[in-house]
Amino acid sequence: MLPLLKIQLKTSLTTSTLDTCIPPLVNKTTKELISVSNSQRFKKSFIRTKVYPNNCILARMNLEITQAIKALLETPQKIVIVPHKNPDGDAIGSTLGLWHYLIKKGHEAVIVSPNDFPKFLKWMPGSEKIVNFEKEASAAKDLISKASVIFTLDFNHLGRIGQLQPLLEEATATFVMIDHHQEPSDYAQIMYSDVRMSSTCEMVYNFVEALGDTDLIDPEIGICLYTGIMTDTGSFKFSSTTSRTHKVVAQLIDKGAKNTEAHNKVYDTNTPSRLHLLGCALKNMVILEEYHTTYITLSQEELDQCEYKKGDTEGFVNYGLTLEGIKFAVIFIENKEEGIIKISFRSEGTFSVNEFARNHFNGGGHTNASGGRSDVSMEETTNFFKSLLPKYKEALEA
Ligand code: 5GP
Ligand code: MN
């Protein structure tokens, strides 16, 4: 990719309430920004939101980003939208919600996913149109190389898209990031990045609202965004759920999103083999009371015995946190094909599993939900994990 120049943004803020949060001042006028956005130089400039100090939540997209996006989408574009590898409800919901919206606005748009996604998301309107890079590599390559704009959703560094990474690195399109994970890297010219958001779907709602287009939200866009907010907030229970999240969800229901249907289709479509796998996972659960920690292991053999299919282990890690007094729950899942142990971390309270995953397991995510990987055996991985806990004893007691 080309070396990137940054437009410096001043981030000092004077007010701090949710809806009156003043966007950062930029040392470029709006006019200049728009002219930058219309020129070739736009490809080399950065426009970004920052993590705001203290109690300021940027519930809306700021003016500079809004105007840059407006300028970018003023004329019909060839757009590719990319979710992260192993996309979850938020990744699929946000890419589909944005896709429906951009099509309505007259753009040519397509979603290219690094790989397949779980069956419990395949009912979502438009999901059958998603191009799976693992199955349609040459079509995906062609779309990416011809794109004028690439939206990357629900991730913030290109290491999260597997085999698609080199293709995006070579792409000449203007990149727009919409994401709520911590520590974004610098690949996108326009970054709408806000770690306080419950979900990327809530941010896509803000995006559409900032562009003055909430009237375009129909039942299809509504159900896609609703589903992602629902899955990323653990059905509106995680601490990232704000009153604003509920207001957005209320708007989506008013626009025709069938909320009960989303819950039923995502959570009430178990197969007997998945419930057997859950039984196996719960049987394998180890409780380390001293560290307020539980962990679950699932070997490839156990997965095979229960006819594992993509998405079957979704949510298993959360069972650990339902135990009273447990603050840290982990699941280790063997993937023989990739030669790795995929790990999910969850916490309650202040213990940052984002830092834990980043520091020890080549991963990341959010304060209370993160993921990572290990390249050694299950036994070595769990032994290493247990060896780390004494260092965190105090933090896990907080
Ligand atoms: P999950 O455990 O559900 O796969 O992921 C929880 C959160 O951590 C999600 O927000 C996901 O994007 C992030 N995450 C999962 N795996 C990884 C990883 O390997 N690297 C990074 N940076 N984030 C991850
Ligand atoms: Mn998300």
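When a ligand or atom number is given, it counts from 1 through the structure's own listing order. Note that these values count all heavy atoms, side chains included, but never hydrogens, waters or copies made by symmetry. If you're wondering where the values come from, they're calculated on a predicted model, not measured in any experiment.
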Pick, from [options], the option with the minimum heavy-atom distance to [atom].
atom	options	result
atom 14 (N) of ligand 1	Gly365, Gly364, Ala369	Gly364
atom 1 (P) of ligand 1	Glu314, Arg346, Gln182, His366	Arg346
atom 20 (N) of ligand 1	Gly363, Ala91, Gly372	Gly363

Q. Can a salt bridge be assigned to the pair Glu74 and Lys70 using a cut-off of 4.0 Å between side-chain N and carboxylate O?
A.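 Not counted as a salt bridge, because no side-chain N and carboxylate O are separated by less than 4.0 Å.
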Q. Would Glu134 and Lys310 pass as an ion pair if we require N to O under 4.0 Å?
A.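 Answer for the salt bridge query: no.
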Nearest-neighbour protein heavy atom for [atom], which is reported as residue plus atom name and distance:
atom	answer
atom 4 (O) of ligand 1	Ser344 OG, 3.9 Å
atom 15 (C) of ligand 1	Gly371 CA, 3.4 Å
atom 11 (C) of ligand 1	Arg160 NH2, 3.3 Å
atom 16 (N) of ligand 1	Lys342 NZ, 2.9 Å

Q | Matching residue for Ile144 among Val131, Leu167, Val110 - test: side-chain contact (heavy atoms from CB on, under 4.5 Å) | A |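 For Ile144, the side-chain contact (heavy atoms from CB on, under 4.5 Å) check succeeds only for Leu167.
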On the 0 to 90° scale, with breaks at 30° and 60°, tag the [X]-[Y] ring pair as parallel, tilted or perpendicular.
X	Y	result
Phe345	Phe356	perpendicular
Phe236	His263	tilted
Phe316	Tyr319	perpendicular
His366	His180	tilted
His360	Phe384	perpendicular

Q.
Closer than 2.8 Å to the Mn ion (ligand 2): how many protein N, O or S atoms are there?
A.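 Counting protein N, O and S atoms closer than 2.8 Å to the Mn ion (ligand 2) gives 4.
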Q: Look at the side-chain heavy atoms of Ile, Leu, Val, Met, Phe, Trp and Tyr, link any pair under 4.5 Å apart, and say whether Met378 and Leu388 land in one connected group.
A: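 Cluster IDs for Met378 and Leu388 match.
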Q. Is there a heavy atom in Arg373 that sits closer than 4.0 Å to ligand 1?
A.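 The answer is no: ligand 1 sits nowhere under 4.0 Å from a heavy atom of Arg373.
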**Q.** His84 N/O to ligand 1 N/O under 3.5 Å
**A.**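 It does not: no N or O of His84 is found under 3.5 Å from an N or O of ligand 1.
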Q. For ligand 1, is any non-hydrogen atom under 4.0 Å from His157's backbone (N, CA, C, O), its side chain (CB onward), both, or neither?
A.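 Looking at His157 and ligand 1, just side chain atoms fall under 4.0 Å.
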Q. Hey, which atoms in ligand 1 end up nearer than 4.0 Å to a heavy atom of His181?
A.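 Close to His181: 9 (C), 10 (O), 11 (C), 12 (O).
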Q) Counting only heavy atoms not in Glu128, do more than 12 sit closer than 6.0 Å to its CD atom? A)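 Yes, because the 6.0 Å sphere around CD of Glu128 holds more than 12 heavy atoms from other groups.
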Q. Any side-chain heavy-atom pair from Met177 and Asn156 closer than 4.5 angstrom?
A.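 A side-chain contact under 4.5 Å exists here.
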